[in-house]
Amino acid sequence: MPELPEVEVVVHQLRLHILGATVRKIWIGREDIIRQGLSTLGWYQGVTLTDIQRCGKCIVMTCLRGTQPRYLVAELGMTGLLVFHKQAIPDEKHTHMVLSLDGGRVPELRYWNARRFGRLYFLDQPGLDTFLRRRFGLDPFSASENQFVSLVKSCRGRMKALLLNQQKIAGIGNIYANEILYRARIHPHAQGARLSKARIHQLYGAMREVLKEAIRYGGSTIRDFRAPDGTPGRFQERHQVYQKAGLPCPRGCKTLLRRLVTERSSFYCPTCQGRS
DNA sequence: CGTTGAACCTGTTTGC
DNA sequence: TGCAAACAGGTTCAAC
């Protein structure tokens, strides 16, 4: 569910509603949802949320107590949600954390996750630095075109795999990898190193356009995704290829879209997205 | 180092 | 209808 655009939408709403709020109480449903920092939980009582950012697909909240910062990092995985009200979640049994807040526009923030592929991390500054360094490569919006060209040129593997590799470029998941490659007319199995500079230029533009447009439409809701206020995304209405195998190519080339089942599902047009 | 596939979980959809 | 298999937005680890 949550790839860069969805996380960006979440962060935007969190900033509007809970930035500056104080954490009165933290309720944890099951402790194994916390991958790091369980023993530091007590420290967070009374902290103020002074900054909220997206890093890759993670939400990073700065928690200040006096002048000391620590961080709460939420990883959503496939089914994770951060929401303001219980009405926004399908059921109560997968709520794993509730922050009770003072001084924000909403009284609480809930972390819900049915499949529990995502986790929570309570980190100090060095812990956060290590976490970010080990995990995330270039950011699609901060990376220059030259940096992106070097990255692609150094890739001996498949382009789809490169776009999904968070340590190389952070934030893109299966939906947007497919949509980006379709827009750039590049085959999911094209070898990065063999693409011309002109085609990498296309890809760089397609990546930023698709992600930007998806943010503008509130992300994609396939099933569970909601913004914190409960609003579903609308970008799924604009998907060109994702989960559309068997339908005609939207460019009108009369070819039927296909699905490759190696790795994770790749959806593409065999005519528009020629190899290499 | 790069690639592939399985594993981690739960829920929903599909097919017999 | 009933049940099993397939599949789902992600990450990580082992094996090659």
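What's counted below: heavy atoms across the whole structure, side chains too, no hydrogens, waters or symmetry copies. Worth saying up front: this structure is predicted, and the values here are computed from it rather than measured.
Summary of the strand contacts: A:F136 and A:R115 both lie near DNA chain C, and taking for each the nucleotide with the nearest heavy atom, the more 5' one is attributed to A:R115.
One P atom belongs to C:dC3, the other to B:dC9, and the distance between them is 26 Å to the nearest Å.
A sub-4.0 Å separation between OP1 or OP2 of C:dG10 and a side-chain N or O of A:R116 is absent. When the side-chain nitrogen and oxygen atoms of A:T79 are compared with OP1 and OP2 of C:dG10, none of them lie within a distance under 4.0 Å.
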*Check step by step if ring pair (Phe, Tyr, Trp, His ring centres under 6.0 Å) holds for A:Y121 and A:F131.*
CA-CA 9 Å; A:Y121 302 76; A:F131 179 86; 4.7 Å; yes

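Between the CZ atom of A:R223 and the C1' atom of C:dA8 there is a distance of 6 Å, given to the nearest Å. Atom pair A:L164:CG and C:dT11:C1' shows a separation of 11 Å (rounding to whole Å applied). Summarising the geometry, the separation between CG on A:L81 and P on C:dG10 is reported as 14 Å, rounded to the nearest angstrom. Atom CZ of A:R135 and atom C1' of C:dC13 are 14 Å apart (whole Å). Here C:dG10 presents its P atom at 11 Å from CD of A:E75, a figure rounded to the nearest Å. Here the P atom of nucleotide C:dT11 and the NZ atom of A:K168 are 16 Å apart, to the nearest Å. As a whole-Å value, the separation of A:F117 CZ from C:dC13 C1' is 14 Å. Residue A:I33 contributes atom CD1, which lies 13 Å from atom C1' of C:dG10 at whole-angstrom precision.
In this structure, A:R24 places its CZ atom where more than 12 heavy-atom neighbours from other residues, nucleotides or ligands lie under 6.0 Å away. In the displayed structure, A:R156 atom CZ is contacted under 6.0 Å by at most 12 heavy atoms of other residues, nucleotides or ligands.
The side chain to side chain donor-acceptor pair (under 3.5 Å) search around A:Y204 returns A:R208, not counting sequence neighbours.
A:V47 pairs with exactly one of A:I26, A:V23, A:L64 by the side-chain contact (heavy atoms from CB on, under 4.5 Å) rule, that one being A:V23.
Looking at heavy-atom distances under 4.0 Å, A:Q236 makes no contact with the nucleic acid at all. Note on A:T262: nothing from the nucleic acid sits closer than 4.0 angstrom, heavy atoms only. If you check every strand for non-hydrogen atoms under 4.0 Å, A:S154 touches nothing. Within the nucleic acid shown, A:Y242 comes within 4.0 Å of sugar-phosphate atoms alone, with no base atom in reach, counting heavy atoms only.
To the nearest 0.5 Å, the span separating CE on A:M78 from CG on A:L76 amounts to 12.5 Å. Within the model, atoms CZ of A:F141 and CD1 of A:I215 stand 4.0 Å from one another, a figure rounded to the nearest 0.5 Å.
Taking 4.0 Å as the cut-off between side-chain N and carboxylate O, A:K57 and A:E75 do not count as a salt-bridged pair. Ion pairing between a basic and an acidic side chain is recognised when a charged N comes within 4.0 Å of a carboxylate O; A:R15 and A:D51 show no such pairing.
Stem analysis of DNA chain C (at least three stacked-register Watson-Crick or G-U pairs, each with both distances under 3.5 Å) gives B:2-8 with C:10-16, B:10-16 with C:2-8.
The main-chain N or O of A:M97 is never found under 3.5 Å from a side-chain atom of A:R30 such that the two would form a donor-acceptor pair.
Protein chain A contacts DNA chain B over a range whose 5' and 3' limits, counting nucleotides with an atom under 4.0 angstrom from a non-hydrogen atom, are B:dG2 to B:dT13.
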